[in-house]
Amino acid sequence: MEPNPPNERTVRLNKLHQLSQMGIDSYPARAKSDMTLKNLLEKFEEFVKSKKTITVCGRVISKRLHGKSAFAHIKDGSASFQIYAKLDLIGEDKYNLFKKMIDVGDFLQITGTLFRTRTEEETILVEDLKLLSKALLPLPEKWHGLVDEDKRIRYRYLDMLMDSEVKERFIIRAKITSTIRNYLDSLGYIEVETPILQRLYGGAFAKPFETHHNAMDMKLYLRIATELYLKRVIIGGIDKVYEIGKDFRNEGIDRMHNPEFTMIEIYQAFADYYDMMDLTENLVKYIAEKTTGTLKINYQETTTELTKPFARISFWEIIEKRTGRNFRDSTRDQLIAYLEDQHIEYDPKASNYVLVDEIFKERVERALIEPTFIIDYPLELSPLAKRKSGTKSIVERFEFFWYGFEIANAFTELNDPIDQRARFEEQMKLRAKGNLEAQVMDEDFLTAIEHGMPPTAGMGMGIDRIVMILTNSYSLKDVILFPLQRPLK
RNA sequence: GGGGGUGUAGCUCAGGUGGCAGAGCAACGGCCUUUUAAGCCGUGGGCCGAUGGUUCGAUUCCAUCCACCCUCACCA
């Protein structure tokens with residue numbers, strides 16, 4: 001006796017028990033399948049004519065009993081297909097097995113011939129069936145699917161199963177990364193893997209995740225960027241190198257940020273940031289066309305065209321253009337007066353350049369809808385970028401913006417070890433003042449570039465954000481299979 | 001962290017000026033040999049997110065908490 005009224009799970013557990021008593025293995029090790037359901041659909045006419053007997057597999061997604069016959073749909077990763085079982089054809093034992101023991105959610109192996117029903121639907125007339133796997137929990141309701149946002153993420157497999165667009169989005173994501181690889185590989189770039197567990201973290205401004213290695217009794221960080229290791233690879237003589245991988249930043253979560261995210265970084269010796277701009281532009285256009293079939297991209301009701309060259313405008317110029325003011329020589333008082341006047345929040349302890357950056361983010365960044373390169377940033381905001389020749393406080397850096405999002409960040413890399421050491425020291429001063437995101441001194445990296453680093457350009461691009469735009473997804477959560485969630489209870 | 005919203009059956013959702021909790025799908029029993037949101041008859045299923053308060057009585061009112069969503073801030 002069940003202590004509680006039977007729910008669907010206990011009903012199915014009882015069926016499992018009965019199947020076992022009937023000598024039926026509910027989880028056999030082997031399945032036989034002649035083809036996918038999609039292939040079967042393609043060969044349907046041919047197989048009807050030749051009266052071919054075929055065997056296919058799939059999950060039962062619906063079931064309609066009609067007394068002495070029954071319809072159901074089965075589904076595999078490629079398509080769904082209707083099956084039709086008749087008592088007089090398969091006999092009482094098998095018919096009752098199907099009728100009583102098989103539930104929506106179970107996996108079946110079906111053998112039979114093909115025909116069309118009165119409504120012309122392609123159907124398998126079942127001659128034999130085998131249970132491949134019994135599901136104990138029911139699938140979500142058949143035509144609404146999973147709606148609750150929490151459950152869609154918590155039970156992503158059900159979300160994918162019930163909503164083909166969700167599954168499709170992750171297939172497009174895979175296509176985007178393989179397209180990037182194909183493109184770069186064809187141009188002679190070499191893909192490498194660098195450490196995720198790092199003794200020191202660097203290459204970006206962010207708070208890291210910390211962990212500990214037991215055997216070496218050593219504190220380690222999860223990387224926030226691949227930058228400093230990829231530069232070592234450049235020093236080692238691979239002149240065109242890239243890595244696609246996860247970075248980890250211990251920051252807040254919102255629709256544009258996730259604590260673990262996928263980044264591609266590309267480095268090229270004997271190139272500068274103009275070369276990297278060309279590569280970035282060509283790469284974005286290439287993956288957009290390969291994955292969407294067009295250079296007209298629609299994202300959240302706004303269309304942008306990738307057909308013409310992307311705009312290129314300098315940091316100071318775009319600020320002047322959008323605000324009507326030139327802040328380049330502004331005093332601190334003037335900057336603060338503007339921020340107050342425009343009701344832009346700021347940290348009163350921040351440096352002048354950070355205040356300018358606030359103005360940039362508020363008045364410029366979110367309005368950069370068309371694909372745009374912003375170039376030539378203030379040096380203070382870019383401790384790993386090379387000074388632009390003939391200037392004192394500008395570096396050769398660009399960021400790529402699209403739909404108001406920062407998609408990529410790149411520079412002509414700083415390869416002067418003396419200058420690099422000075423920049424690290426500047427960062428350490430900021431850190432001493434309490435800026436937890438300032439970079440840390442990395443002697444091992446300095447040693448590497450003291451051995452000689454060629455002139456190099458490097459670029460980092462957020463893969464999740466590109467996928468978001470190209471799949472017209474509102475949130476990063478929609479393009480990450482299993483976003484972090486708190487446990488139930 | 002601030003502000004707003006949501007939380008009721010396995011799923012999708014109703015409901016209630018405070019008085020034994022509702023539907024469809026799914027499940028269970030029965031009828032039904034071309035259905036497809038199959039149909040018809042019947043049945044079971046609920047700590048109404050959690051805890052506390054007010055009350056004769058709370059799923060409903062109040063407070064706190066938890067989870068998720070949106071938004072602002074942070075993420076140079």
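Please read these numbers as outputs of a predicted model, since none were measured by experiment. Labels below follow one simple rule: chain letters A, B, ... track the order of the sequence lines, proteins then strands, and each chain is numbered from 1.
- If you check every strand for non-hydrogen atoms under 4.0 Å, A/E121 touches a base.
- With both pairing distances under 3.5 Å, B/rG46 is matched to nothing as a Watson-Crick or G-U wobble pair.
- Rounded to an integer number of Å, the gap from NZ of A/K63 to P of B/rA26 is 11 Å.
- Rounded to an integer number of Å, the gap from CZ of A/R64 to P of B/rU34 is 13 Å.
- Taking syn as a glycosidic angle within 90° of 0, B/rC66 does not qualify and is anti.
- Between A/R486 and the phosphate of B/rC66, there is no side-chain N or O to OP1/OP2 separation shorter than 4.0 Å.
- Aromatic pair A/Y377/A/F398: centroids not less than 6.0 angstrom apart.
- Ionic pairing of A/K207 and A/E437 is present here: one or more N-O contacts between side-chain nitrogen and carboxylate oxygen are shorter than 4.0 angstrom.
- Rounded to a whole angstrom, the distance from the C1' atom of B/rA27 to that of B/rG45 is 9 Å.
- Both distances falling under 3.5 Å, in either a Watson-Crick or a G-U wobble arrangement, place B/rA23 opposite B/rU12.
- The aromatic ring centroids of A/H73 and A/F81 lie 6.0 Å or more from each other.
- Salt bridge A/E406/A/K361: absent, no basic N to carboxylate O contact under 4.0 Å.
- A/F115 places its CZ atom 11 Å from the P atom of B/rU35, with the value rounded to the nearest Å.
- In this model, a donor atom of one side chain and an acceptor atom of the other lie less than 3.5 Å apart for A/D150 and A/Q485.
- At whole-Å resolution of the value, CG in A/D464 and P in B/rC75 are 20 Å apart.
- One atom, CG of A/D150, and another, P of B/rC66, lie 16 Å apart when rounded to the nearest Å.
- Phosphate proximity of B/rC31 to A/K99: absent, as no side-chain N or O sits under 4.0 Å from OP1 or OP2.
- As rounded to the nearest Å, B/rA21 and B/rU8 have C1' atoms that lie 9 Å from one another.
- B/rG10 sits 12 Å from B/rC48 when the P atoms are compared, rounded to a whole Å.
- The partner of B/rU17 cannot be assigned: no Watson-Crick or G-U wobble pair with both contacts below 3.5 Å exists in any strand.
- Checking each of A/V395, A/D357, A/I394 against A/F315 for a side-chain contact (heavy atoms from CB on, under 4.5 Å) leaves exactly one that passes, namely A/D357.
- Judged by the 6.0 Å distance and 45° axis criteria, A/K134 is not positioned over the aromatic ring of A/F107.
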N/O contacts under 3.5 Å, protein versus nucleotides 3-13 of chain B?
from   : atom 1 : to     : atom 2 : distance (Å)
B/rC11 : OP1    : A/K151 : NZ     : 3.4
B/rC11 : O2'    : A/E141 : N      : 3.1
B/rC11 : O2'    : A/G145 : O      : 3.2
B/rU12 : OP1    : A/V147 : N      : 3.0
B/rU12 : OP1    : A/D148 : N      : 3.1
B/rU12 : O2'    : A/H144 : NE2    : 3.4

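- Between A/R397 and A/D376 there is no salt bridge, since no side-chain nitrogen of the basic residue lies less than 4.0 Å from a carboxylate oxygen of the acidic one.
- Between A/N14 atom CG and B/rG44 atom C1' the separation is 14 Å, expressed in whole Å.
- For the 3.5 Å distance criterion, the side chains of A/E340 and A/Y338 fail to qualify, holding no donor opposite an acceptor.
- Among the atoms of the strands shown, only primed sugar atoms or phosphate atoms (P, OP1, OP2) are found under 4.0 Å from some heavy atom of A/R154.
- Using the Watson-Crick or G-U wobble rule with both distances under 3.5 Å, B/rA63 pairs with B/rU51.
- Comparing B/rA9 with B/rU60, their P atoms sit 15 Å apart, to the nearest whole Å.
- In this structure, A/R199 fails the cation-pi test against A/Y221, since its NZ or CZ atom is not both closer than 6.0 Å to the six-membered ring centre and inside 45 degrees of the ring normal.
- When each of A/L87 and A/I153 is assigned the nucleotide of RNA chain B bearing its nearest heavy atom, the one mapping closer to the 5' terminus is A/L87.
- The partner of B/rG57, taking Watson-Crick or G-U wobble pairs whose two distances both stay under 3.5 Å, does not exist in any strand shown.
- Under the 4.0 Å criterion applied to side-chain N and carboxylate O atoms, A/E425 and A/R423 are not assigned as salt-bridge partners.
- The CD atom of A/E149 sits 8 Å away from the P atom of B/rC69 (whole-angstrom rounding).
- Listed nucleotides B/rU35, B/rC69, B/rU33 differ in distance to A/T123; the shortest reach to its side chain belongs to B/rU35.
- Side-chain N/O atoms of A/T226 and A/E243 include no donor and acceptor closer than 3.5 Å.
- Using C1' as the reference atom, B/rU17 and B/rA73 are 40 Å apart when rounded to the nearest Å.
- Residue whose closest nucleotide on RNA chain B sits further toward the 5' end, between A/Y346 and A/Q485: A/Q485.
- Across all strands shown, B/rC31 pairs with B/rG39; the Watson-Crick or G-U wobble distances both stay below 3.5 Å.
- Distance noted for atom C1' between B/rG15 and B/rG24: 15 Å (whole Å).
- Here B/rC68 sits opposite B/rG5 as a Watson-Crick or G-U wobble pair (both hydrogen-bonding atom distances under 3.5 Å).
- Between B/rG49 and B/rU12, the two P atoms lie 15 Å apart (nearest whole Å).
- Distance, A/K134 NZ to B/rA27 C1': 12 Å, rounded to whole Å.
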Below 3.5 Å between N/O atoms, which protein atoms pair up with nucleotides 71-73 of chain B? Just atom names and distances, please.
from   : atom 1 : to     : atom 2 : distance (Å)
B/rU71 : OP1    : A/Y474 : OH     : 2.1

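- B/rU43 and B/rU34 are spaced 28 Å apart, taking the P atom of each and rounding to whole Å.
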